[in-house]
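Bear in mind that the values here come from a model prediction, so they are computed numbers and not experimental data. When reading the values below, keep in mind they use all heavy atoms of this one structure, side chains included, and skip hydrogens, waters and symmetry mates.
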Amino acid sequence: MWHANRVCGAVVLCLAATVAWGSRNLGFLTAGVPDPGLLPILATATMAWCGIALALWRSAEAPTIAWPPPEARTTIVGSGAAFLLYAALVPVLGFCATTAIFSTVLSKWWGGYRWRVAILFGVTTAVSMLILFDFLLEVPLPRGSFLD
Amino acid sequence: MDTVHQLWMGLTVAAQPMNLLFALLGAVLGSLVGVLPGLGPTATIAMLIPTTAGMDPLPAIIMMAGVYYGSMYGGSTTSILINVPGEAASVMTALDGYQMTLQGRAGAALGISAIGSFIAGTASVMGLMLLAPVVSDVALSFGPVENFALMFLGFTVVISLAGKSMLKGVLSCSLGVTLAAIGLDPVKGSPRLNFGTASLLNGIDFIAVVVGMFAIPEVLESIEGSAVGTLVRTKLRGLFPTWQDWKDSFRPILRGTVLGFCVGLVPGGSGTVATFLTYDLEKKLSPHPERFGKGAIEGVAGPEAANNAVTGASMIPLLTLGIPCGAVLAALLGALMIHGLRPGPLLLATNPKFAWGLIASMYIGNLMCLVLNLPLVGLWARLSLIPMPFLGPAVLALCFVGTYGVRNSMFDVWVMMIAGTVAYFMKKLAIPTVPLVLALVVGPNLEAALRQSLAMSKGSPLIFFTHPISLAILVLAAGSVIFSLRSRARDA
């Protein structure tokens, strides 16, 4: 856990440095009047302190990290990539088509169901959400540049 | 008498068909959300915001409040029947509730859980009804100095209670404040921390962050295969407790109600904290503490009463001070603001129909939850067994809709995805996410109060110590930090 804390601390320090650089022209206090940079600079300083403490301070408690078991790591990483791919494809294919494909593939991959079951689930999910949100609740959903 | 008159007005408003319908919808959604893993009340409320944006605020907020307290009812069903808590606040219920199921007493456990929740929920709404006007009157005298101190107290208590490491809680909070600062400066209107990106000029939408942080890690962790329940095949006989069950449960329900209400009043006090404290108290007070963990009905009655008592109490700081006590309340605060309502001391005075209509609807909603959760308990139990390969993609599609629908922006969807990924790693590294969400939602108000206070004092931070009320609140904040540090040192 301490090793993980050191990595986390380093990441936090990089983030704090980035925010500090972004706040460099915002000011802090001018003639006693707070500037736009007041809160960001205070938050950055706090983050930097936390990052240094995480990186250097061996905490008395050392809880183990419950990383996924080895057999599940590929699934987790792949699922994360799938979520990002979903977000990338929706503007292209539209919500309905992307959701149908996404739901089909994930239910097949995660559950090992037959393709017929997975496709039925995927199509049902996509269509029912389209009807519920786009038609009934009038929440506009992307139609996709491919279809446009 | 004025309170009674106001409540009567609220009841006439809450009893309108549209408001009743949305209270029922909220109770159903809340029970469903409480039962299903992968979707909690926080993410659900956040996702409901865009779908209700065009509606009248009162039925929308009634529905969302129904999701909040309904989830407390639903979470206990899976705890008792399949030993998988639907919500964090139902973890303690599983200890004795599931044992009762194995002993063939699932009906009694479910019955006392639902009835105890109803009693506590109703009592806490009564407390809300009586205390909200008093707190509002007191808070009217608060200025930016006192408001900043109150929000600071909220942050310190949340940091003290959320997670094992206060250092990581402070980190989470500072991240949230930084995210809240992105966009246009509220005073000068100049871009801030957008790094030249036009998409960031509108700031980071809190709905995207809340939905991502509370839904995506749940789905990923469910895929890891940690929590799989098996429905114990048992006849649900006797959903109404026996006389002996009542005798054993009555005092725990009362104690749980009082303790839960007190915990709910404190910024950072959550249902989870209340249930832990109540379970511990009941075990200490019991003449037979060895029965706990083996099917003691007091171990179900007390915690279930406590987590429902928190719901009404936590609405007091939200409605009267504009300070959310937890992630769910932060989402509710966001919903109120998006609907054009400003929670604070003036809410009860300027929007009495809304405020009292909401309070009155909580009485009705609690009754609806009781009716829904007892006869339909078998249905809820079966729904909880929907396989994650089906539930996960549906939840993620809902997350997309809920996030995209706010501003019709794919940028928000990407923010949701990134927030979800970050939150997954935060959970693994034991960095609490609640302080981040709270800071993101409350951050703009915090900054406004801070800047006004410093402008009044020409930049001197001593203003927070020269105002007596602010000083008292800051002393409380320091006390909570010291108490927490000492507790951790003792436990280490």
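- Within a 6.0 Å sphere centred on CZ of A:Arg24, heavy atoms belonging to other residues, nucleotides or ligands number more than 12.
- At a 4.5 Å heavy-atom cutoff, the contact between A:Met47 and chain B is made by backbone and side-chain atoms alike.
- Annotation: maximal heavy-atom pairing with chain B below 4.5 Å, among A:Leu106, A:Val105, A:Leu38, occurs at A:Leu38.
- For residues 14-22 of chain A, heavy-atom neighbours of chain B at less than 4.5 Å comprise A:Leu15, A:Thr18, A:Val19, A:Trp21, A:Gly22, sorted by residue number.
- Among A:Ala43, A:Cys50, A:Pro36, A:Ala72, the residue with the largest count of heavy-atom pairs under 4.5 Å with chain B is A:Pro36.
- Here B:Phe464 pairs with B:Phe148 under the ring pair (Phe, Tyr, Trp, His ring centres under 6.0 Å) rule; sequence neighbours left out.
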Q. Which is it for A:Thr99 and A:Tyr86 under the side-chain contact (heavy atoms from CB on, under 4.5 Å) test, yes or no, and what are the steps along the way?
A. CA-CA 8 Å; A:Thr99 301; A:Tyr86 177 76; 2.8 Å; yes
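- At distances below 3.5 Å, not a single donor-acceptor pair connects side-chain atoms of B:Ser222 with backbone N or O atoms of B:Met388.
- Using cut-offs of 30° and 60° on the angle between ring planes, the pair A:Phe95 and B:Phe400 is parallel.
- For chain A, the nearby part of B:Pro191 is the backbone; its heavy atoms alone come within less than 4.5 Å.
- No hydrogens or angles considered: a donor-acceptor pair under 3.5 Å links the side chains of A:Trp110 and A:Ser79.
- Note: A:Ser107 leads A:Ser107, A:Ala31, A:Gly111 in heavy-atom pairs under 4.5 Å with chain B.
- Among B:Val170, B:Leu396, B:Val177, B:Thr51, the residue making the largest number of heavy-atom pairs under 4.5 Å with chain A is B:Leu396.
- With chain A as the partner, the residue from B:Glu447, B:Gln452, B:Met456 showing the most heavy-atom pairs under 4.5 Å is B:Glu447.
- Of the listed residues B:Leu454, B:Thr178, B:Leu167, B:Asp185, the one with more heavy-atom pairs under 4.5 angstrom with chain A than any other is B:Leu167.
- With sequence neighbours left out, the ring pair (Phe, Tyr, Trp, His ring centres under 6.0 Å) criterion links A:Phe133 to no other residue.
- Contacts from residues 412-422 of chain B to chain A, taken as heavy-atom pairs separated by less than 4.5 Å, involve B:Val413, B:Trp414, B:Met417 in sequence order.
- Defined by atom type and a distance below 3.5 Å, a donor-acceptor pair is present between the side-chain atoms of A:Thr30 and A:Asp35.
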Q: Apply ring-ring contact (aromatic ring centres under 6.0 Å, His included) to A:Phe121 and A:Tyr113, showing your working.
A: CA-CA 10 Å; A:Phe121 166 70; A:Tyr113 297 104; 8.5 Å; no
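- Top candidate by heavy-atom pairs under 4.5 Å with chain B, chosen from A:Thr125, A:Leu137, A:Val139, A:Ile76, is A:Ile76.
- Of the atoms belonging to A:Ala88, heavy atoms from both backbone and side chain fall under 4.5 Å from chain B.
- Counting heavy-atom pairs closer than 4.5 Å to chain A, the top-ranked of the candidates B:Leu171, B:Leu450, B:Leu446 is B:Leu171.
- Contact count against chain A (heavy-atom pairs under 4.5 Å) is highest for B:Ala394 among B:Gly405, B:Ala394, B:Ala181.
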